[in-house]
Trainee: 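Quick one: the structure is below, and I'll ask about it shortly.
In what follows, every heavy atom counts, from backbone to side chain, and hydrogens, waters and symmetry copies are set aside.
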Amino acid sequence: MAQNNDSMVMQLVGDSRLMAEALKKRLDVVKRVGITEEAADALEGKANALHSLNAEQEELKARLKAKTAEIDAARKELTALLAENRKLVKIAVDKTDWLTFGISDKK
């Protein structure tokens, strides 16, 4: 879905830039219906602004993906360390005292 949104944005930006360029080249024809060079410039400006926003969003998505991978790796490492410590506590400590270590199982 996100990739689809990105491609839709890029399509809109491309279509808008093409229209703005064509409007500027054919002002003699389109001015009869009220389209001015300022209107073409505004269209191009909005397209450029959207392009910049989209690029910024894609950069944020990439940073989020990297941070999510970092969190997942840290979570896996902590989970493994906790499991190892639970095993060792079960060996060293009497069952009746396991709850002190947060171990609720009875095995």
Side-chain angles (χ1 to χ4, degrees):
M1 186 76 161
Q3 184 68 9
N4 188 20
N5 187 45
D6 183 49
S7 62
M8 289 181 356
V9 166
M10 295 310 294
Q11 181 68 46
L12 179 60
V13 167
D15 291 349
S16 298
R17 285 177 174 168
L18 181 63
M19 174 65 78
E21 184 180 323
L23 290 173
K24 289 178 185 181
K25 286 181 181 175
R26 300 296 310 270
L27 271 175
D28 57 326
V29 176
V30 298
K31 69 181 176 184
R32 288 183 272 176
V33 293
I35 297 175
T36 63
E37 187 171 357
E38 290 79 20
D41 287 342
L43 180 64
E44 184 176 36
K46 293 287 186 185
N48 290 338
L50 180 58
H51 183 266
S52 293
L53 287 170
N54 189 62
E56 184 180 346
Q57 182 184 47
E58 291 303 312
E59 180 183 323
L60 289 169
K61 286 179 190 177
R63 288 178 46 207
L64 176 61
K65 186 176 180 178
K67 187 56 72 176
T68 299
E70 190 178 331
I71 288 170
D72 287 345
R75 181 186 49 77
K76 287 176 184 175
E77 185 178 331
L78 181 57
T79 299
L81 188 57
L82 181 60
E84 181 63 27
N85 279 282
R86 281 185 178 147
K87 287 178 193 175
L88 295 174
V89 165
K90 286 180 178 183
I91 293 169
V93 178
D94 188 72
K95 289 181 198 179
T96 58
D97 202 24
W98 287 0
L99 200 53
T100 304
F101 298 89
I103 302 170
S104 59
D105 51 325
K106 310 248 192 238
K107 296 180 182 179

Trainee: Residues in side chain to side chain donor-acceptor pair (under 3.5 Å) with Thr36, at least two apart?
Mentor: Glu38

Trainee: Could you list the donor-acceptor pairs under 3.5 angstrom formed between side-chain atoms of residues 71-87 and any protein atom two or more places apart in sequence or on another chain?
Mentor:
{"residue": "Thr79", "atom": "OG1", "partner": "Arg75", "partner atom": "O", "Å": "2.8"}
{"residue": "Asn85", "atom": "ND2", "partner": "Leu81", "partner atom": "O", "Å": "2.8"}

Trainee: What pairs meet the side-chain hydrogen bond (donor to acceptor under 3.5 Å, both in side chains) rule with one or both residues in residues 12-21, with sequence neighbours excluded?
Mentor: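 Those involving residues 12-21 are Gln11-Asp15, Arg17-Asn48, Glu21-Lys25.
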
Trainee: Using side-chain contact (heavy atoms from CB on, under 4.5 Å) as the criterion, list what pairs up with Lys24, not counting sequence neighbours.
Mentor: Ala40, Asp41, Glu44

Trainee: Quick one: list whatever passes salt bridge (charged side-chain N to carboxylate O under 4.0 Å, His left out) with Lys67, sequence neighbours left out.
Mentor: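 Lys67 satisfies salt bridge (charged side-chain N to carboxylate O under 4.0 Å, His left out) with Glu70 once adjacent residues are dropped.
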
Trainee: Considering all heavy atoms of both residues, which atom of Val89 and which atom of Trp98 are nearest to each other, and what is their separation?
Mentor: O-NE1, 4.0 Å

Trainee: Listed by chain and number, what are the side chain to side chain donor-acceptor pair (under 3.5 Å) partners of Thr68, not counting sequence neighbours?
Mentor: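 By the side chain to side chain donor-acceptor pair (under 3.5 Å) rule, Thr68 matches no residue at all.
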
Trainee: Which residues, ordered by chain and number, are linked to Leu43 in its hydrophobic cluster, where ILVMFWY side chains connect at heavy-atom gaps below 4.5 Å, directly or through other members?
Mentor: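 Its cluster mates, by chain and number, are Met19, Leu23, Leu27, Val30, Val33, Ile35.
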
Trainee: Is Val13 isolated, or which residues cluster with it under the ILVMFWY side-chain rule of less than 4.5 Å, directly or via members?
Mentor: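 Hydrophobic cluster check, Val13: joined to Val9, Leu12, Leu50.
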
Trainee: Checking one residue: Val29. Which other hydrophobic residues are in its cluster under the side-chain 4.5 Å linking rule?
Mentor: none

